[in-house]
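This report refers to the structure that appears directly beneath it.
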Amino acid sequence: MSVVAATRRRVATLDRRTVAGAFFAALGALDILGFGLGAHAGDAVFRFSVGGESAHVPDLSLPAGTTAIVLGSLSVALGALYAGWQLGRTARRVVIAAVMALFILALLCWVDAGNSPLNIVGLLQSSLTRSIPLVLGAMSGLLGERAAVINIAIEGQLLIGAFAAAVAASAAGMLWLGLISGSLAGGLIGVLLAVFAIRYLVDQIVLGVVLNVFVLGLTGYLYDRALVPYQTTLNSPGVYGTIRVPGLADIPIIGPIFFDSNVFLYITYAVLLLVQVGVFHTRWGLRVRAVGEHPVAAETVGIRVIYTRYRQLVLGGLIAGIGGAYLTIGSVGAFGKGMSSGQGYIALAAMIFGRWTPFGAVGAALLFGFASALQNILSILGAPIPSDILLMTPYLVVILVVAGLVGRVRMPAADGKPYIKS
Amino acid sequence: MTLLAGEPSGGQAPTGPEQPLREEGPGFRQVFVEGIVYGNSVTVTALAIVTGIVLGGLLIAFSDPHVLHRWAHLFSAPGAAFSSAWDSASSAYSAMFQGAVVNIHSVGKAFHGGSISSVFSPISETLVQATPLILASLAVMLPFRAGLFNIGATGQFIGGAFLAGWVGFGVSLPPVIHVVVAVLAGFAGGAIVGGLVGALRARTGANEVIVTIMLNYVMEYLLLYLLGTAYFRRPGRIDPISPLVQGTARLPHLFGHGLRVNAGIVVALAGAAGVAWLLKRSTFGFEFRAIGFNPRAARTAGIDIGRGYTQVFLIAGGLAGLAGACVVLGTDFTLTPQVYGTYGIDGITVALLGRGAPLGVVLAALLYAGLHAGGVQMQASTQTPVDIVTVIQAVIVLFVAAPPLIRGLYRLRARPVTSETRATPTITYVGDP
Amino acid sequence: MKLELRGITKRFGPLVANDHIDLTVEASQVHALLGENGAGKTTLMNQLYGLQHPDEGQILLDGRPVSFSRPADAIAAGIGMVHQHFMLVPVFTVAENVTLGVEPVHRFAGLLDRRRARREVHRLSQEYHLDVDPDAIVETLPVGLQQRVEIIKVLLRRANLLILDEPTAVLTPGETEELFAIMRSLKASGHSIVFITHKLKEVQAIADTVTVLRAGRVVGSLPPTAKDEELASMMVGHSVELTVSKQPATPGEVVLAVDDLVIEGKEGTRAVDGVSFELRAGEILGVAGVQGNGQTELCEALMGLRHVGAGSVRVSGRDLTNARTREVLHAGVGYIPEDRQGDGLVGDFTVAENLVLDTYDRPPYSRAFSLALGTVERSARKFVAEFDVRAQSADELVRTLSGGNQQKVILARELSRPLALLIASQPTRGLDIGSVEYMHRRIVEERDKGTAVLIVSSELDEIYALADRIVVMFEGRIVGVRTPAVSRAELGLLMAGADTGTAAGAAAP
């Protein structure tokens, strides 16, 4: 590498590092000035149990203002570190995660100062369950896009999954039938997406939006026509109960968050693990990625590109359908018009945010889940921060990310391009 | 000395024999006949609409408990089964027609001293519905021509509605000037939101699909937040709703107070005409289209792609903002958290149905608006939920987007080289055929 | 393995790409398939590889008729193809690319057995002296190595018959020699090779038999000892006389002055590394070199399409270093880019629109943001006639035109405004002979009008035909400046990066 080029590159990256470092320091300053000095008198009390655990974790009581100032100072220091030193990739990510965590902690201190105890375990538990449909939706998008078909129809897959699960479970009186029906309904949208995108070469983004509209209309129509008049027989499916994982659920803090939930959370773990290992460590995944990166090359070594794409989309639909089923038979217990309320689009964003990797997508989905859970708790606490602004932040964060704050993302090379055999 | 050139790069146009020169342009008759035989875009669109309506009718009939009951006895009374299905669908559709175009009974009454405005009120409603649809759809279609997706008409709509509404209720100006300023504020509000997307795309390469989706949510929450603040909330109300737009800032009714149709439709049609001029006859349009078809070639020809992206999103955002202004200043006269409705998403499907041309967009928006206005009437008189309209619209667009499907369904022959096949990007095996 | 093709015919609509082709490839032979672009070589091989299907005719392997509906069938039958454009996934490792489709897996749950894949690649790499690292990411490898990855891929599938489609197009003369050595060792181990090319010298160097294709037909089979002229005239169908008649140049003032230009490439390398030269009015400067040695970057930087790291560019005395492309165009620089469909034309625009692609914003084609459609139309008709563009009308979409006519549209557009400098990169790549002659004639005419002309070409014949002076680029530097009197051998050595003194020995076989 030549010296001139090396210097130039350093100059270029220095700029971005300085900007990011300054941003982190500014967040720290906000912690200090806003949350620290502006805090109500009194302590912030954090609770770490939801009751029922064998080992009790005592509450943590912190002087709100002082804590926020300490956290803010740490944040400023990390900002300086980020700007001043050339950190490795992992170190950079750790710093970014740490700054975000510090900011959230300071925010919680401020919010809870002099207020009733804030249940941290409950907050995290709720974040996790709220991210279930997002994670499953993101997996649906990921499976498609790894084979180069863009799936905007996640929203529709979630919604129809929710509808089918509610109706099937109510009519049959069996929840597992609802789960299967929800999954199949999602798969059906996957089939439609595949046929129109692959066979008829319809633009994939437009197609996804249209399918979402279609599902919204169809479920809305059937809801008014059938579910409202026959509420008890068609829209009272009930909800899956929680399953405590023996042993694990008793671990303080960790147990109630990760191992004391209903079947959907465990399905999500399994799907996540299968997709992560499948995509990166199996023959199946290697071939799928080849189809997404260079379909012609894949075809020349005997991989069936068209078939692979069909399969991926249907598989994704089946998974997103489970995420939809969660909305009714895993959570609310009844179908409501348009109840997916944009979560499919969020799942799509989470997938991109996670750079087309399952674990990355989960990180992003948790961010959204956390924001939503936090907003819920804050409105209960009557926090001095407008919940609308708080709800807005994850979306702003995604914009910042795609605008290159944390580096460019690289999508599958053939993503969105139809494949035509000669 | 031989001279042999290097191999071509991929995607070489076939160097087949020259096509025979056509003597003269095809006559009307030929176009008409070919349209039917080969299924040109007009025929395909028409058949898609028919298909959508038929499928919608089946859905209406077979979700009607009355009809289902009759069909349970299909074999004992087949006639009753079919006629009940027909009755269910046809009564729904006739109610829809009366709500969208004209109500026969009111025509009859008008001749016997009834009100004239009730004859035209369905048409008026259709035009009112069409106004924001046309503008929102133009906001989707224009970036599309530059190769960009605008899923963010909703956010831009909110930006426009908000600024227009604010000028409408928060500022006092002389009559005509007030409404003009309010409409322009609507354009500006949308343009700010849209321009942000374009600038981000131009400067950082941020994918505009993601940015627009995210901005929609940001704008929805921002609107909710602002309407919750004391400054923007209507005095005496605790729910988030703004004060009423002053009379001076309201778009004037075109045909008297009996009909809701207002100057907004003029704004929308002017917008369509403006976009048509922009695309066809202006240097901006030339740049946008060049960028849309082949950004690399555009850049090589000295066109600033980043600036083009920003410009196109500024204008598109402004158009969506105008849609917001027309709703707030023309029919709603206030801001609510749901003011944006489904115009943003409908704009995408209308743009597709309109095949990316301004005139097509206007016609498609009229169809959509008619279906919607009629759907409301249908729900009122036959208890068929209005959501069926959304289903019909989606089905129509799906079929329009897949001409081979319609051709297959109706046994039309594909023209040897159709515009669709030419417009499709292809990955082909490299080689010299 | 012995391959016979009998009466293979393939049609694309009215076009007959292969017309009753008969061909026999004996075992352990290198069989060259020689022909111009569009002669039907690749179509023929695509059918042999199962990518396309013959309309008529028969394929026999060792005397048995076979039929392939998919590449997998051809692979199973022992046929391997190295495509001209590599079929490699850029983000995968060498081992992943090589084993794709035949991945070794653990017995448990289909997990990839990366160790075995690595070992296999290593073994083949050793056996045929290919020297490829199994763990390297393919996109970071130079093209010469990527080609070897393709060869390993084919060998791993136990191919007995290898099809090499224009394998030398992207190689330096040195890399070509190495490829020939690999081909010889493959032949020695019993493989048959079909070697597709249009370069006579290579045929003579490596082939055992030559079959010449022209316009979809076999026009003859010859031993490789046949004379240049004989092969060439067979290939193009008439005796070829392609030296453009031109007067000696009368260079005027300096138009283009490039001083110590540095352009960054991938991963901190320098695509162009301290290039300086001058170009005078009324002179054609030919930039020779194997593709990928900085020529593309140089042209793009001159046009303001690529950032210049250091150094300067002056046109007619004006500093245009890192100027915007539009400024460069307005300064009287014309540009014929090497990828005409990617960079030169908007395929979905009409001929008329493409003819004003870089002048639409100026009078007489526009006034105050409004296009003068009538003027655009009229001048388009004029140019179509003047440059003999074969189109139904000026409203026809450019993408429907043939390559030669597309290039004429670009030429017409660039010559339609007064030029001080014309930059033409690979101006005749992929064109038929007639179009090549036409392009060359117009370029020389432009020179005679006093325009400075910069020609970038990787075809030595084109350099000899046009250039008044020749510079050779290698790895981003100018490694030699010569007159057209220079020998081919010397240019070849320069293009391989050797000093003419030291490299003479190295290039000997």
Side-chain angles (χ1 to χ4, degrees), chain A residues 150 152 192 195-196 199-203 205-207 209-226 229 295-296 299-300 337 342 345-346 348-349 352-353 386-392 394-396 398-399 401-404 408-409 411 414 417-422, chain B residues 59-60 63-65 144 149 151 200 203-207 209-211 213-218 220-226 228-229 342 345-346 348-349 351-352 379 383-395 397-398 401-405 420 424-431 433:
Chain A
I150 294 174
I152 302 264
L192 279 180
V195 169
F196 280 94
R199 169 104 174 75
Y200 294 111
L201 308 173
V202 179
D203 183 280
I205 292 176
V206 170
L207 173 61
V209 172
V210 173
L211 283 176
N212 290 340
V213 171
F214 173 73
V215 174
L216 187 70
L218 186 66
T219 54
Y221 173 77
L222 292 176
Y223 176 80
D224 279 341
R225 190 97 197 210
V296 182
E299 185 87 39
T300 55
K337 252 188 190 182
Y345 291 107
I346 306 299
L348 182 78
I352 291 166
F353 193 103
S387 63
D388 307 315
I389 298 295
L390 191 70
L391 280 173
M392 197 193 288
Y395 304 99
L396 282 173
V398 171
I399 292 176
V401 168
V402 295
R408 288 285 163 92
V409 291
M411 62 199 287
K417 300 194 185 94
Y419 178 76
I420 301 155
K421 281 180 91 160
S422 61
Chain B
L59 190 58
I60 291 170
S63 61
D64 186 338
F144 200 79
F149 275 106
I151 314 287
L200 278 175
R203 291 191 63 90
T204 71
N207 180 301
V209 174
I210 301 306
V211 172
I213 290 174
M214 293 302 123
L215 265 183
N216 285 347
Y217 290 104
V218 170
E220 284 171 25
Y221 287 121
L222 186 65
L223 177 69
L224 198 58
Y225 167 70
L226 289 172
T229 59
T342 59
I345 295 292
D346 289 344
I348 298 169
T349 46
L352 186 65
Q379 180 163 17
Q383 281 75 51
T384 309
V386 68
D387 300 67
I388 191 71
V389 167
T390 315
V391 178
I392 295 171
Q393 288 168 342
V395 169
V397 171
L398 270 182
L405 183 57
E420 287 90 6
T424 311
T426 54
I427 302 168
T428 51
Y429 291 114
V430 174

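In what follows, every chain begins at residue 1, and chains take the letters A, B, ... in the order their sequences are listed.
Each of B:Met214, B:Glu220, B:Gln379 has some count of heavy-atom pairs under 4.5 Å with chain A, and the biggest count is that of B:Met214. Of all the listed residues (A:Tyr223, A:Tyr200, A:Tyr345, A:Tyr221), the one sharing the greatest number of non-hydrogen pairs under 4.5 Å with chain B is A:Tyr221. Each of B:Leu398, B:Val395, B:Val386, B:Thr229 has some count of heavy-atom pairs under 4.5 Å with chain A, and the biggest count is that of B:Leu398. Ranking B:Asp64, B:Asp346, B:Ile348 against chain A, the residue ahead of the rest is B:Asp64, based on heavy-atom pairs under 4.5 Å. Of the listed residues B:Gly228, B:Ser63, B:Ala394, B:Ala401, the one with more heavy-atom pairs under 4.5 angstrom with chain A than any other is B:Ser63.
Interface remark: A:Phe196 contributes side-chain atoms only to the contact with chain B (heavy atom separation under 4.5 Å). In this structure, the portion of B:Ile210 lying under 4.5 Å from any heavy atom of chain A is its side chain and not its backbone. Looking at A:Leu207, the atoms closer than 4.5 Å to chain B (heavy atoms on both sides) all sit in the side chain, from C-beta outward. For a residue to count as touching a neighbouring chain, one of its non-hydrogen atoms must lie under 4.5 Å from one of that chain's; by this rule B:Asn216 does not touch chain A. Looking at B:Phe149, only its side chain comes within 4.5 Å of chain A, counting heavy atoms on both sides. Of the atoms belonging to B:Val218, heavy atoms from both backbone and side chain fall under 4.5 Å from chain A. For B:Ile388, the parts lying near chain A are the backbone and the side chain together; criterion is any non-hydrogen pair under 4.5 Å. Using a 4.5 Å cut-off between heavy atoms, B:Ile392 makes no contact with chain A at all.
Rounded to the nearest 0.5 angstrom, A:Asp203 CG and B:Leu352 CG are separated by 8.5 Å. Separation of atoms CG (B:Leu59) and CG (A:Leu222) is listed at 6.0 Å; rounding is to 0.5 Å. The CD1 atom of A:Ile205 sits 9.0 Å away from the CZ atom of B:Phe144 when rounded to the nearest 0.5 Å.
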- prompt: When you look at B:Thr384 and A:Arg225, which way does the side chain to side chain contact (heavy atoms under 4.5 Å, CB included) test go after all the steps?
  reply: CA-CA 7 Å; B:Thr384 309; A:Arg225 190 97 197 210; 3.5 Å; yes

- request: Please step through side chain to side chain contact (heavy atoms under 4.5 Å, CB included) for the pair B:Asp387 and A:Leu216, ending with a clear verdict.
  value: CA-CA 8 Å; B:Asp387 300 67; A:Leu216 187 70; over 6 Å; no

message: side chain to side chain contact (heavy atoms under 4.5 Å, CB included) for A:Ile399 and B:Leu200? Distances and angles first, verdict last.
response: CA-CA 9 Å; A:Ile399 292 176; B:Leu200 278 175; 3.7 Å; yes

query: Hey, mind stepping through A:Tyr395 and B:Ile213 against side chain to side chain contact (heavy atoms under 4.5 Å, CB included) and telling me if it holds?
result: CA-CA 9 Å; A:Tyr395 304 99; B:Ile213 290 174; over 6 Å; no

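Looking at B:Val209 and A:Ile152, their side chains come closer than 4.5 Å, going by heavy atoms from C-beta outward.
Nearest heavy-atom pair, B:Thr390 versus A:Gly217, reported as atom, atom and distance to 0.1 Å: CB-CA, 3.7 Å.
Side-chain atoms of B:Tyr217 come within 3.5 Å of backbone N or O of A:Gly342 as a donor-acceptor pair.
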